[in-house]
Structure formats: C-alpha cells, structure tokens
Visitor: 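The following block contains the structure, expressed as structure tokens.
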Amino acid sequence: MKRRTLLQWIAAIPALLPLNRIRVFAQPRDLTPDAISVLHEIAPTVLPSSIGAARIRETADKFVVWTRGYREGVALIHGYGHPRLQKSGASPVPGYVSQLAALDAAARAKGGRWPALDRETQRALLDAAFVKAGVRALPPRPAGQHVIADLMAFYFRSSEANDHAYSAMIKRGVCRPIAITTRRPDLLRG
C-alpha cells in the first residue's frame with residue numbers, strides 16, 4: 001500500500017462519522033434539575049391562577065418535555081403566500097438554563113427564593129429580564145428569546161388556554177370533522 005493511499009483513507013474517516021451529534025463546549029441538551037425547579041417556582045407568577053396549581057405545574061412539565069423534544073434544523077410550517085421554508089434554529093436550552101439561573105440569582109439578591117418575593121418585585125425582575133432579552137411581545141410560539149416568554153407562549157397559544165378562556169371545548173388547532181365545527185362547542189366541566 002502506498003503512503004498516499006493510506007493518508008487518503010485516514011482523511012476520509014471523519015466524513016463517515018456522525019459529527020453533527022457532537023456538541024461544542026458541552027452545551028446542555030436538557031434543562032438541569034435546578035433550572036426545572038426555578039421554572040416551577042416562576043410558573044405561578046406568569047400563568048393564570050384560575051387553572052389551579054396542579055395544571056400550572058403540569059403546564060411547566062409539558063414545557064420541559066417540549067424542550068427535550070426540540071430538534072434543530074426541522075422545517076417549520078410556512079403559510080400560504082410565504083414561499084420561503086424556514087427551519088428551526090439552535091436549541092434554546094443553553095440560553096434557558098442561564099436565564100433561569102439569572103432569575104434565581106436576582107431573586108436571591110432581592111431577599112430570597114422566587115415564591116418568597118412579593119408580586120411587584122417578581123414582575124419587576126421579569127420586566128428587567130424581558131428588556132434585557134429584547135422581548136417586546138408574546139411570541140406566536142416559543143422562539144428562544146427568553147424562557148419565561150416562551151413558557152407563556154407555550155401555554156397562552158395552546159388549544160387548552162383557548163378552551164379555558166372561553167369555558168368551552170373549542171379545540172383550536174386540533175383536527176376535527178367539519179360537522180363538529182358547525183355546532184356550538186360543549187362547555188368545560190369543573
């Protein structure tokens with residue numbers, strides 16, 4: 001075997017390896033347990049209390065599951081008249097972890113953990129975090145700008161939130177037969 005052939009084979013090996021799975025600087029792919037704990041503490045501040053503590057926690061848990069299932073480079077839905085296909089960006093999880101740590105540190109600087117602070121202090125901390133992240137409005141879907149804005153978009157843009165707002169089982173965004181859409185939706189129970 002010639003030396004040149006051996007070098008060509010060695011140079012070709014990296015092309016065969018799935019290097020797209022290697023993360024630079026060991027960025028977290030999942031929210032850390034501390035980040036999840038802080039998210040659970042902040043969720044009652046930004047989600048409606050009328051849905052109850054159990055559903056607030058369930059919504060935060062669903063958001064955590066959504067972060068675990070996030071995939072980069074996936075084609076997003078594009079509407080009629082929008083010829084450019086957009087793809088999902090880099091995972092927002094590393095930013096989420098640092099944002100939740102910053103909110104926890106800000107709460108501790110104000111005198112304790114998040115639930116111990118009064119509502120005005122909590123809102124002031126969230127306002128400052130939103131300004132820093134450049135959040136000006138609730139995104140149409142979680143977009144990675146700030147974890148709390150994304151949690152709010154995750155809930156408030158959901159079919160469940162729509163049903164709760166109208167106290168009826170509208171099931172917006174859920175595929176259903178046309179016959180169902182022509183009659184008045186059933187009222188929510190309890």
Visitor: Sequence neighbours left out, what passes side chain to side chain donor-acceptor pair (under 3.5 Å) with S88? Give chain and number order.
Guide: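 With sequence neighbours excluded, S88 shows a side chain to side chain donor-acceptor pair (under 3.5 Å) to no residue whatsoever.
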
Visitor: Check whether L138 and L39 end up in the same hydrophobic cluster, where Ile, Leu, Val, Met, Phe, Trp and Tyr are linked by side-chain heavy atoms less than 4.5 Å apart.
Guide: yes

Visitor: Sequence neighbours left out, what passes side chain to side chain donor-acceptor pair (under 3.5 Å) with R71? Give chain and number order.
Guide: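 Counting only residues at least two positions away or on another chain, R71 forms no side chain to side chain donor-acceptor pair (under 3.5 Å).
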
Visitor: Test side-chain contact (heavy atoms from CB on, under 4.5 Å) on L100 and D34 and set out the steps.
Guide: CA-CA 9 Å; L100 288 167; D34 290 338; over 6 Å; no

Visitor: Apply salt bridge (charged side-chain N to carboxylate O under 4.0 Å, His left out) to R108 and list each qualifying residue two or more places apart in sequence or on a separate chain.
Guide: D104

Visitor: Does E41 have any salt bridge (charged side-chain N to carboxylate O under 4.0 Å, His left out) partners at least two apart in sequence or in another chain, and if so, which?
Guide: R113

Visitor: Side-chain contact test, heavy atoms from C-beta onward, threshold under 4.5 Å: evaluate it for D30 versus V64 and give yes or no.
Guide: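 They are not in contact (no side-chain heavy atoms under 4.5 Å apart), so the answer is no.
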
Visitor: List for me each residue that meets salt bridge (charged side-chain N to carboxylate O under 4.0 Å, His left out) alongside R123, sequence neighbours excluded, and say none if there are none.
Guide: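 R123 satisfies salt bridge (charged side-chain N to carboxylate O under 4.0 Å, His left out) with E120 only.
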
Visitor: Could you work out, with side chain to side chain donor-acceptor pair (under 3.5 Å) as the rule, every residue matching D61, not counting sequence neighbours?
Guide: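 With neighbours one apart ignored, the set is H40.
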
Visitor: Return all side-chain donor-acceptor pairs below 3.5 angstrom for residues 148-156, not counting sequence neighbours, or 'none' if the list is empty.
Guide:
unit_1: D150; atom_1: OD1; unit_2: A143; atom_2: N; d: 3.0
unit_1: D150; atom_1: OD2; unit_2: Y96; atom_2: OH; d: 2.3
unit_1: D150; atom_1: OD2; unit_2: A143; atom_2: N; d: 3.4
unit_1: D150; atom_1: OD2; unit_2: G144; atom_2: N; d: 2.6

Visitor: Measure up the W66 and Y70 rings against each other and bin them: parallel (under 30°), tilted (30 to 60°), perpendicular (over 60°).
Guide: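 Correct class here is perpendicular.
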
Visitor: Under a 3.5 Å distance rule, please check whether R55 uses its side chain to pair with a backbone N or O of S50 as donor and acceptor.
Guide: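 Side chain of R55 to backbone of S50, a donor-acceptor pair under 3.5 Å: no, none is there.
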
Visitor: List in chain and number order the residues that pass salt bridge (charged side-chain N to carboxylate O under 4.0 Å, His left out) with K62, two or more places apart in sequence or in another chain; answer none if no residue qualifies.
Guide: E58, E160

Visitor: Going by ring-ring contact (aromatic ring centres under 6.0 Å, His included), name the pairs with one or both residues in residues 124-146, residues two or more places apart or in two chains.
Guide: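 Passing the test, one end in residues 124-146: F130-H146.
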
Visitor: Please list, chain by chain and in numerical order, all residues satisfying side chain to side chain donor-acceptor pair (under 3.5 Å) with T59, sequence neighbours excluded.
Guide: none

Visitor: For residues 125-145, which residue pairs qualify under side chain to side chain donor-acceptor pair (under 3.5 Å), counting only residues two or more places apart or in two chains?
Guide: none

Visitor: Search all heavy atoms of P48 against all heavy atoms of I56 and return the closest pair with its distance.
Guide: O-CD1, 3.7 Å

Visitor: What closest approach, in Å, do Q122 and L117 show between heavy atoms, and which atom pair accounts for it?
Guide: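 Closest approach of Q122 to L117: NE2-O, 3.4 Å.
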
Visitor: With S49, which residues qualify under side chain to side chain contact (heavy atoms under 4.5 Å, CB included), at least two apart?
Guide: none

